[in-house]
Engineer: 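Dropping the structure in here first, questions after.
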Amino acid sequence: MHRDLLNPDALELQPVLEPPITGLLIADARLIDLYPDFFGAVKIPVKALLAGEDQKNLKNLQQLYHFFCEHSLSRDEIVHVYGGGTISDLAAYAVSTYKRGCRLHLYPSTLLGMVDAAIGGKTGLNHENLKNLIGSFYPAERIVIHPGFLSSLPWEELRQGMAEMLKAVMLFPCLPLPDFGGKILPNEEDILGHALYKLSLCQSDPYDRSDRMLLNFGHSFGHALESFSNFNISHGDAIALGMNMACDFSLQMELVNQEQYDSRKELLSRYPYPPPVLDYLATINPDDLLPLMYQDKKNNRKLRLVLPVGKDIKLVEMSMNGSA
Ligand SMILES: NC(=O)c1ccc[n+]([C@@H]2O[C@H](COP(=O)([O-])OP(=O)(O)OC[C@H]3O[C@@H](n4cnc5c(N)ncnc54)[C@H](O)[C@@H]3O)[C@@H](O)[C@H]2O)c1
């Protein structure tokens, strides 16, 4: 792992994007369609990929290795990756394993990619129906945030990134809260602030063994909700709901008092939950989610939850009978 790459110098804001002139380029096919002037001016070899959870697979990984071989990619050449988290997770894994690792520059094109997926060096693809079962830690040597990409991002996708920003604010109240009300794009400084915060947390715990695990707040409940709904609930929406469930659970377990609970729920109530998702949620018995939570690969047999405890949010290990 290039631990030294997890530093603020790796991150850069580029209001005007110039096409790269050396190396290879991988991009979300939708982005290529949306930005013909930019991608039309690219003179290096381009590989277009479809975005989506179902595309993070071995078949596409093999296609990327083939693309690298076809163009005799050497270890000192740069692979430039343009796209959201599904593209960067897959492409970064390919780059991290080809010839034991080539150079990687990421250009996240979704809000979730900018504040989360492109930051911190986790790569991954799905296998045997399990999310990110195969992966590596391989931070990009450069992450370029071009907020202009957000102008074409649908509200549904923007909201998923905002959910991760809300989670970060729950953990680190000094961070700016996005404006959920008017469907307004977060400003560049706020995006950069969130990205830098994640980068610094990852730098202190590059392999996700201590503090970085806090970033899983809302994720155990959220992942279970996503699976239970057959992925009809989007990831960010599920995380926002998962944070609510974590707060409810903490109150039930008397890990927080009413005042600590109410203030967190007030913040969470600002998220624009889509009404159909809330209707669906009302039909679920939270006990049905438990088996799915035990399957979570981060749980290591015990149930590990990130929960509000008093004024803090902490990693709590639970035994099968629910005691902390
Ligand atoms: N590696 C990490 O640390 C990490 C962290 C969080 C999430 N992730 C992963 O990220 C993935 C989700 O990422 P995502 O939400 O960016 O999904 P995504 O890459 O599937 O993009 C979402 C949708 O937006 C489209 N899109 C991308 N950029 C666009 C643009 N500028 N304008 C219009 N449409 C655009 C895509 O084509 C796609 O349809 C998941 O697989 C998750 O596991 C990884």
Side-chain angles (χ1 to χ4, degrees), residues 1 6 17 26-36 38-39 48-57 60 81-96 104 106-127 130-140 143-165 167-168 185 191 194-195 197-199 201-203 205-208 212-219 222-223 226-227 231 233-239 242 296-298:
M1 137 93 88
L6 289 167
L17 265 192
I26 298 169
D28 181 338
R30 180 170 301 171
L31 218 53
I32 297 179
D33 284 347
L34 285 167
Y35 296 89
F38 176 78
F39 288 102
L49 287 178
L50 292 177
E53 211 48 59
D54 57 343
Q55 300 296 324
K56 284 171 54 173
N57 59 36
N60 284 336
V81 179
Y82 294 74
T86 56
I87 301 288
S88 60
D89 271 12
L90 175 71
Y93 180 75
V95 173
S96 78
L104 173 68
L106 295 178
Y107 305 76
S109 65
T110 60
L111 180 60
L112 189 129
M114 292 175 190
V115 298
D116 196 356
I119 316 288
K122 280 189 186 174
T123 78
L125 51 129
N126 305 329
H127 190 53
L130 288 172
K131 205 171 139 124
N132 299 328
L133 186 69
I134 300 169
S136 58
F137 287 95
Y138 198 76
I143 303 152
V144 177
I145 294 186
H146 173 59
F149 279 141
L150 298 182
S151 60
S152 54
L153 199 65
W155 164 240
E156 162 87 14
E157 296 300 341
L158 195 65
R159 200 175 64 231
Q160 310 313 313
M162 286 181 166
E164 293 291 353
M165 290 175 84
K167 177 202 73 184
L185 288 177
I191 295 172
H194 274 258
Y197 224 87
K198 179 167 177 195
L199 206 53
L201 189 70
C202 295
Q203 199 179 24
D205 178 20
Y207 292 107
D208 203 7
R212 187 171 174 176
M213 286 186 178
L214 293 179
L215 296 174
N216 292 327
F217 182 42
H219 281 62
H223 282 161
E226 271 182 288
S227 305
F231 295 89
I233 300 184
S234 302
H235 178 73
D237 295 337
I239 297 314
D296 194 314
K297 69 179 181 306
K298 293 180 184 107

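Atoms within each ligand, like the ligands themselves, are counted from 1 in listed order. Just so it is clear, the model here is predicted, and its values are computed rather than measured.
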Engineer: Starting from atom 39 (O) of ligand 1, find the nearest protein heavy-atom neighbour and note its residue, name and distance.
Structural biologist: Arg30 NH1, 3.0 Å
Engineer: Counting both backbone and side chain atoms, is some N or O of Ser109 under 3.5 Å from an N or O of ligand 1?
Structural biologist: yes
Engineer: Can you pull out the closest protein heavy atom to atom 2 (C) of ligand 1? Residue, atom name and distance to 0.1 Å, please.
Structural biologist: Ala117 O, 3.5 Å
Engineer: How are the rings of Tyr107 and Tyr82 set to each other: parallel, tilted or perpendicular (split at 30° and 60°)?
Structural biologist: parallel
Engineer: Is the closest heavy atom of Gly83 to ligand 1 under 4.0 Å?
Structural biologist: no
Engineer: Just which atoms of ligand 1 are under 4.0 Å from any heavy atom in Ser152?
Structural biologist: 30 (C), 31 (N), 32 (N), 33 (C)
Engineer: If you measure every N or O of Tyr35 against every N or O of ligand 1, does any of those distances drop under 3.5 Å?
Structural biologist: no
Engineer: Using a strict 4.0 Å cut-off to heavy atoms of Lys131, name the atoms of ligand 1 that fall inside it.
Structural biologist: 40 (C), 42 (C), 43 (O)
Engineer: How about His219 and Ile239: do any of their side-chain heavy atoms sit closer than 4.5 Å?
Structural biologist: yes
Engineer: Using a 4.0 Å cutoff against the non-hydrogen atoms of Glu53, which atoms of ligand 1 qualify?
Structural biologist: 40 (C), 41 (O)
Engineer: If you define the side chain from C-beta out and look only at heavy atoms, does anything of Asp208 sit under 4.5 Å from Phe137?
Structural biologist: yes
Engineer: Would you mind listing which atoms of ligand 1 come within a distance below 4.0 Å of any non-hydrogen atom of Lys198?
Structural biologist: 3 (O)
Engineer: Consider every N or O of Glu157 and every N or O of ligand 1, then say whether any pair is closer than 3.5 Å.
Structural biologist: no
Engineer: Using heavy atoms and a threshold below 4.0 Å, how should the contact between Lys56 and ligand 1 be classified: side chain, backbone, both, or neither?
Structural biologist: side chain
Engineer: Are any of the N or O atoms of Phe149 closer than 3.5 Å to those of ligand 1?
Structural biologist: yes
Engineer: Is the shortest heavy-atom distance from the side chain of Lys167 to the side chain of Leu215 under 4.5 Å?
Structural biologist: yes
Engineer: When rounded to the nearest 0.5 angstrom, what is the spacing between CE in Met162 and CG in Leu112?
Structural biologist: 12.0 Å
Engineer: Nearest to atom 20 (O) of ligand 1, what protein heavy atom do you find, and at what distance?
Structural biologist: Thr86 OG1, 3.0 Å
Engineer: Report the residue from Lys122, Gln160, Lys198 that forms a side chain to side chain donor-acceptor pair (under 3.5 Å) with Asp116.
Structural biologist: Lys198
Engineer: Considering only the protein, which heavy-atom contact is closest to atom 12 (C) of ligand 1, and what is its distance?
Structural biologist: Leu112 CD2, 3.8 Å
Engineer: Any atoms of ligand 1 less than 4.0 Å from a non-hydrogen atom of Ala51? List them with their elements.
Structural biologist: 20 (O), 36 (C), 37 (O), 38 (C)
Engineer: Does Thr123 reach the main-chain N or O of Gly135 with its side chain, forming a donor-acceptor pair under 3.5 Å?
Structural biologist: no
Engineer: Give the atoms of ligand 1, by number and element, whose distance to some non-hydrogen atom of Leu34 is under 4.0 Å.
Structural biologist: 32 (N), 33 (C)
Engineer: Grab the two heavy atoms, one from Asp28 and one from Gly83, that are nearest each other, plus how far apart they are.
Structural biologist: CB-CA, 4.1 Å
Engineer: Drop me the distance from Ile134's CD1 to Lys56's NZ, to the nearest 0.5 angstrom.
Structural biologist: 11.0 Å
Engineer: What residue and atom, counting heavy atoms only, is the protein's closest point to atom 9 (C) of ligand 1, and at what distance?
Structural biologist: Asp89 OD2, 3.4 Å
Engineer: Please state which protein non-hydrogen atom is closest to atom 29 (C) of ligand 1 and give its distance, to 0.1 Å?
Structural biologist: Leu153 CD1, 3.5 Å
Engineer: Identify the heavy atoms of Gly85 and Ala117 that sit nearest to each other, and give their distance.
Structural biologist: CA-CB, 3.7 Å
Engineer: Under 3.5 Å between any N/O of Thr110 and any N/O of ligand 1: does that happen in this structure?
Structural biologist: yes
Engineer: Of the backbone atoms (N, CA, C, O) and the side-chain heavy atoms from C-beta on, which set of Asn132 has a member under 4.0 Å from an atom of ligand 1: side chain, backbone, both, or neither?
Structural biologist: side chain
Engineer: Mark up the atoms of ligand 1 that fall under 4.0 Å of a heavy atom belonging to Asp116, in ascending order.
Structural biologist: 5 (C), 6 (C)
Engineer: Do me a favour and list the nearest non-hydrogen protein atom to atom 36 (C) of ligand 1 with residue, atom name and distance?
Structural biologist: Asp28 OD2, 3.1 Å
Engineer: Which of the numbered atoms in ligand 1 are below 4.0 angstrom from a heavy atom of Gly84?
Structural biologist: 16 (O), 19 (O)
Engineer: Side-chain contact test, heavy atoms from C-beta onward, threshold under 4.5 Å: evaluate it for Thr86 versus Gln55 and give yes or no.
Structural biologist: no
Engineer: Applying the side chain to side chain contact (heavy atoms under 4.5 Å, CB included) criterion to Val81, which one of Leu90, Ile87, Asp89 satisfies it?
Structural biologist: Ile87
Engineer: Could you tell me if the side chain of Asn132 sits less than 4.5 Å from the side chain of Asn126, heavy atoms only?
Structural biologist: yes
Engineer: As an exercise, state the distance from CG of Asn60 to CG of Leu50, rounded to the nearest 0.5 Å.
Structural biologist: 7.5 Å
Engineer: Tell me the protein heavy atom at minimum distance from atom 10 (O) of ligand 1, and give that distance in Å.
Structural biologist: Gly85 CA, 3.3 Å
Engineer: Taking distance alone, with N or O pairs closer than 3.5 Å, would you say Leu31 contacts ligand 1?
Structural biologist: no
Engineer: If I take atom CG from residue Leu106 and atom CD1 from residue Ile145, how far apart are they, to the nearest 0.5 angstrom?
Structural biologist: 10.5 Å
